[in-house]
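Proteins get letters first, then strands, A, B, ... in listed order; numbering begins at 1 in each.
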Amino acid sequence: MIKKLLDRFIKPLDPTLLNTSLILMLIGLVVLYSASGMDMIKTIGQVKNLLIALLLMWVLASISPNTIQKLALPIYIFSLVLLVAVALFGEVSHGARRWLHIGPLHLQPSEFMKIALPLMLASYFDKRGKDRYWLDFVLAAVLLIMPVLLVVKQPDLGTALLIASSGLYVIVLAGLSWRVLITLMIGALASLPLVWHILHDYQKQRILTLIDPTKDPLGAGYHTLQSMIAVGSGGILGKGWLHGTQSHLDFLPEHSTDFIFAVFGEEFGLVGELLFLSLMLVVIVRGFFIAIEGSTPFARLIAGTLSMTLFTYTFVNMGMVSGILPVVGVPLPFLSYGGTSLVTLFISIGILMSVHHHRQLVKQ
Amino acid sequence: MKKRVSLRNPQQERWDFQFRIKILVGVIAVLCLVLLIRLFWLQVVSYGYYHTLAEANRISIVPVVPNRGNIFDRNGVILANNTPTYTLEINPKESAPVDQVIEQLSHIISITPSDKKLFHKLNEESHGLAPVAIRSRLTEEEIARFSVHRYAFPGVNVESRLIRNYPLAEATSHVVGYISRINQNDLDRLDDEDKLDAYRGTNHIGKLGIEAHYESLLHGTTGSEQVETDSSGHGVRTLSYSAPVAGTDLYLTIDAKLQLAAEKAFGDHRGALVAIDPKTGEILAFVSQPGFDTNLFVDGIDQEHWTELNDSPNKPLNDRALRGQYPPGSTIKPLMALLALNSGVRNADTKISDPGYYALPGSTHHYRDWRPQGHGLVDMFLSIVQSCDTYYYSLANQLGIDRMHDFFNHFGFGKKTGIDLDGEVSGLYPSTAWKRKRYHQDWYTGETVISGIGQGYILVTPLQLANAIATFANHGVMMRPHLLKSMRNPQNNTLTAIQPEVVATIPESDEHFNIIRDAMVAVMKPGGTAAIAGAKAGYLIAGKTGTAQVIGVKQGQKYNAGQTSEFHRDHALFVAFAPADAPKIAVAVLVENGGHGGSTAAPIARQVMDNYLLGLPTTAIKDDTQAKDTTDQEASHD
């Protein structure tokens with residue numbers, strides 16, 4: 001009886017995903033403790049976030065992809081409504097309207113959209129059946145552009161691009177013809193000057209200083225330069241846990257959220273980073289295997305997309321911290337402090353587990 | 001365009017999906033490679049660079065400035081110290097526009113136009129990076145007034161700072177000197193000497209006098225504090241602290257009381273006085289008149305005062321004692337006499353006949369004696385007492401310039417004394433070789449003749465003259481004149497005395513010295529050229545008067561002080577030591593355009609000796625240059 005219950009509880013949890021995630025999360029807590037300046041309250045807060053996230057993961061892992069698919073449209077609409085609400089009533093901070101206060105909740109709806117959009121698109125393509133017309137892709141593009149525009153307007157270009165990319169992964173995996181894809185990519189490149197024109201000055205500045213951060217070391221280039229110093233001075237083996245001077249002395253901005261990888265790189269060096277990246281790749285590659293095994297087009301699309309999105313976050317964050325990408329507000333999976341991003345991350349993993357757990361059930 | 005993306009077959013659909021996944025994995029692999037190359041470049045290739053940046057980022061070394069050493073006189077009277085004063089400072093980074101702030105401040109605290117000018121000058125120099133004083137030496141009342149209004153002046157603060165203070169400013173201006181703000185020249189020099197680090201955080205440096213010469217002792221050793229800082233440069237904690245070592249306290253050989261007495265005795269006259277302890281070479285008084293207020297220079301002198309000092313015809317900034325060069329005139333006659341005895345050219349009893357002039361054999365040119373009617377038969381004793389020129393014209397001719405040059409060189413003429421002050425000049429004692437080198441000309445006998453009475457090319461500084469007379473008083477043992485008596489180590493409070501240093505010993509029998517000394521004693525007695533100054537002295541003085549010509553007087557013309565503009569009048573000189581039989585003090589006095597040595601220079605020396613030996617007060621001497629006919633007149637002619 002107990003064994004049965006335990007089985008029921010444990011079975012949906014893919015051991016590879018679970019163990020790797022937990023190891024990564026443990027690393028995350030260790031780094032957070034250091035990055036927050038040995039702030040036990042913050043670290044315990046993150047543990048609480050983790051417990052909630054793990055619970056959600058388990059819930060999602062237990063329900064079938066078909067059920068999840070049924071939730072796709074309501075979640076998408078709900079997230080879109082929240083985004084509209086943000087645009088109308090959102091709290092302004094640092095010149096951007098990104099947060100929504102609902103009672104005690106402090107939400108950043110653009111984060112939900114990171115999951116809601118791929119779910120919606122995967123579900124949409126699944127429902128359109130095996131035959132896909134170009135019109136399907138146009139409609140998919142509309143579903144994609146609405147939330148992206150709302151997030152661009154906040155303004156939060158980084159998140160908008162990430163949401164757009166997650167949507168694009170679905171479209172690409174759903175079978176958009178290579179010719180169209182290549183045409184789109186050329187078109188996107190061609191429209192860059194136009195995009196440059198509509199960018200905010202600070203966004204232009206970020207891109208310009210990326211090319212040479214030393215040009216504005218106290219202004220827009222400051223973050224990049226300081227994080228490069230932190231990472232670079234870490235060397236191969238790092239300065240050791242709690243011994244990162246740059247982060248502890250307040251040189252690094254946002255050192256427990258978006259820039260936590262700089263703390264990690266400073267304290268654990270190249271070796272630590274390789275370990276982290278390897279573990280991340282384990283999760284991502286496992287996600288791809290799950291995707292290939294997926295029972296339904298929806299399951300395959302969502303698993304592949306979430307894996308790819310996970311990599312995108314990791315790459316963009318590490319690229320930003322090491323100074324090869326502009327500074328955009330992207331949390332690093334497992335390491336960055338913050339409830340919303342942690343919950344979103346484990347929802348993704350939960351969905352992957354669900355796809356894995358229910359692969360045979362559907363087949364049968 | 002109704003093109004279909006054909007994906008009918010589930011197997012083909014799966015295959016296509018797998019293919020796309022593989023493409024994405026390929027993309028991931030490429031991006032991971034990019035990331036790894038970047039991290040490798042940052043952490044392995046550029047590790048050294050970023051490591052250095054990180055250290056520089058977090059550790060700043062804050063200099064801890066040492067307190068400057070104090071300067072005392074030989075009895076412990078303060079000549080220079082550091083006193084706390086309150087300064088009103090504006091930090092341009094934090095304040096409203098400075099002109100506006102100054103305008104508002106001037107309603108509360110008196111701010112003169114020169115304060116403003118100085119502020120702008122200093123503010124420019126600091127490039128707006130540091131707070132700059134708009135007013136220093138605030139009174140308690142001014143501080144109180146400002147405190148009431150301070151809320152209206154962000155970035156304006158009253159700071160307590162140690163400021164260099166010279167209590168006897170004018171009397172000791174040239175000897176003690178002053179410190180002032182470090183300028184670009186100082187920085188370049190410190191850089192050359194590799195001392196720039198030692199001056200981090202220090203704003204001032206010795207510019208003149210003892211303050212400049214003993215800069216390295218007075219400055220002390222800068223300490224440092226290694227502070228770990230956060231990104232805004234605020235100290236988080238101190239990593240290490242090395243305490244500064246305060247500068248050494250210096251005790252000078254100067255007697256402040258004597259210095260003041262000498263300054264007072266000069267009155268409004270320009271000139272210089274150097275008093276030396278002949279036994280040790282210790283400088284007891286070192287006066288150049290007029291002096292100036294050295295306190296003006298400490299925080300940067302304003303234009304008004306600078307122009308006033310710089311353009312004054314009295315040239316207060318000239319250190320006459322150290323750098324003024326004058327013909328010594330008759331003050332060299334005792335040394336000429338010593339050379340005569342030493343070389344055997346004449347003995348004390350040799351008499352010459354003085355008809356009131358000297359003429360070289362076969363020449364009609366008359367070298368006039370100051371007394372037109374002559375002194376009659378003159379021996380060595382009388383030649384000194386009455387300052388007979390003719391005696392020395394003929395003596396010089398007998399000796400020849402090169403023998404004189406070598407001898408006077410022994411007494412320090414034509415070379416630096418080596419006193420512990422910067423910028424000493426060497427004076428000049430000519431020789432045939434010197435003239436050939438300098439003018440490519442032969443030496444003329446006539447030039448030897450006038451050299452006999454201290455005219456011609458000979459130039460001495462008052463310091464050299466004092467050194468020479470002190471050496472004479474010391475019977476030929478020349479001590480190095482020095483101003484530093486002892487120094488107190490600030491760490492263990494031990495006092496180290498400076499040992500007297502013998503520079504040279506001039507071999508000469510004591511008998512020769514005594515003969516001439518007796519004549520010099522007679523100079524101060526009735527019948528001598530300084531009889532008035534020597535009257536009623538409580539001790540024996542040995543002295544010699546002198547007059548140095550400023551303008552040439554043509555053959556057949558008579559010099560008349562009353563008809564000559566002040567700056568063209570003769571300089572008055574006087575050298576002396578006392579008590580004559582056991583000298584404790586040797587003095588050389590020069591009064592610029594003072595006329596006659598006996599009536600202006602000698603009384604100053606007498607008062608200084610009275611003050612030193614008997615503790616008597618001094619009074620300013622009277623201007624006697626209008627006096628036309630005095631018995632001690634001894635103008636020289638060529």
Side-chain angles (χ1 to χ4, degrees), chain A residues 130-137 169 172-178 180 222 225-226 228-236 238-239 244-246 248-253 265-266 269-270 273-274 277 281 284-285 288-289 291-292 294 297 300-301 304 307-308 311-312 314-315 318-319 322-324, chain B residues 1-25 27-60 227-237:
Chain A
K130 288 161 191 160
D131 297 329
R132 287 164 198 168
Y133 297 88
W134 67 273
L135 193 64
D136 298 336
F137 290 102
Y169 295 142
V172 169
L173 288 173
L176 181 62
S177 92
W178 295 110
V180 176
Y222 179 81
L225 206 60
Q226 292 300 333
M228 276 164 65
I229 292 171
V231 172
S233 66
I236 296 172
K239 295 175 186 168
T245 53
Q246 297 307 291
H248 288 277
L249 295 171
D250 221 26
F251 288 103
L252 264 177
E266 189 185 12
L270 191 60
E273 290 159 6
L274 284 177
L277 198 60
L281 287 175
I284 290 158
V285 171
F288 282 140
F289 275 113
I292 290 168
R300 288 194 288 273
L301 284 176
S307 304
M308 195 59 202
F311 174 75
T312 307
T314 310
F315 177 76
M318 285 167 74
S322 58
I324 49 173
Chain B
M1 186 182 105
K2 217 171 185 189
K3 200 183 167 214
R4 262 166 40 162
V5 179
S6 108
L7 287 168
R8 292 164 193 275
N9 189 333
Q11 268 322 110
Q12 200 194 334
E13 193 198 330
R14 271 181 184 273
W15 183 86
D16 188 63
F17 182 78
Q18 281 187 24
F19 177 71
R20 286 175 187 246
I21 288 282
K22 279 175 191 164
I23 299 246
L24 288 183
V25 170
V27 170
I28 287 177
V30 170
L31 291 179
C32 279
L33 193 67
V34 169
L35 211 51
L36 286 176
I37 291 170
R38 176 63 172 183
L39 291 172
F40 184 82
W41 185 83
L42 280 179
Q43 296 183 309
V44 180
V45 181
S46 316
Y47 169 71
Y49 171 73
Y50 286 111
H51 179 74
T52 313
L53 275 186
E55 289 298 307
N57 234 354
R58 73 187 175 101
I59 295 170
S60 66
V227 182
E228 202 170 294
T229 54
D230 61 17
S231 56
S232 40
H234 292 130
V236 176
R237 65 188 168 118

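For A:Met308, the part lying under 4.5 angstrom from a heavy atom of chain B is the side chain only. Heavy atoms closer than 4.5 Å to chain B are found in the side chain of A:Ile284, but not in its backbone. If you measure heavy-atom distances from B:Phe40 to chain A, the contacts under 4.5 Å come from both the backbone and the side chain.
In this structure, A:Val285 and B:Val25 have side chains that are not in contact, with every pair of non-hydrogen atoms separated by 4.5 Å or more. Counting only heavy atoms from C-beta outward, the side chains of A:Leu277 and B:Leu36 approach each other to under 4.5 Å. Side-chain contact between B:Leu31 and A:Phe311: present, with at least one pair of heavy atoms (C-beta onward) separated by less than 4.5 Å.
The CE atom of A:Met228 lies 5.5 Å from the CH2 atom of B:Trp41; values are rounded to the nearest 0.5 Å. Atom CD1 of residue B:Ile21 and atom OG of residue A:Ser307 lie 7.0 Å apart, to the nearest 0.5 angstrom. Note: B:Leu35 CG to A:Ser322 OG = 5.5 Å, rounded to the nearest 0.5 Å. Summarising the geometry, atom CD belonging to B:Glu55 is positioned 6.5 Å from atom OG1 belonging to A:Thr245; distances are rounded to the nearest 0.5 Å. Taking CD1 from A:Ile324 and CG from B:Leu42, the interatomic distance works out to 9.0 Å, rounded to the nearest 0.5 Å. The CD1 atom of A:Ile229 lies 4.5 Å from the CG atom of B:Leu53; values are rounded to the nearest 0.5 Å.
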Applying side chain to side chain contact (heavy atoms under 4.5 Å, CB included) to B:Ile28 and A:Phe288, what does each step give before you reach the verdict? CA-CA 12 Å; B:Ile28 287 177; A:Phe288 282 140; 3.4 Å; yes
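When all heavy atoms of A:Arg300 and B:Phe17 are compared, the pair lying nearest together is O-CZ, 3.2 Å. Shortest non-hydrogen contact noted between B:Arg20 and A:Val172 is NH1-O, 2.6 Å. In this structure, A:Ile292 and B:Arg14 approach most closely via the heavy-atom pair O-NH1, 3.2 Å.
When each of B:Val27, B:Ile23, B:Val34, B:Thr52 is scored by its heavy-atom pairs under 4.5 Å with chain A, the top score falls to B:Ile23.
No donor-acceptor pair under 3.5 Å is formed between the side chain of B:Gln43 and the backbone N or O of A:Ile236.
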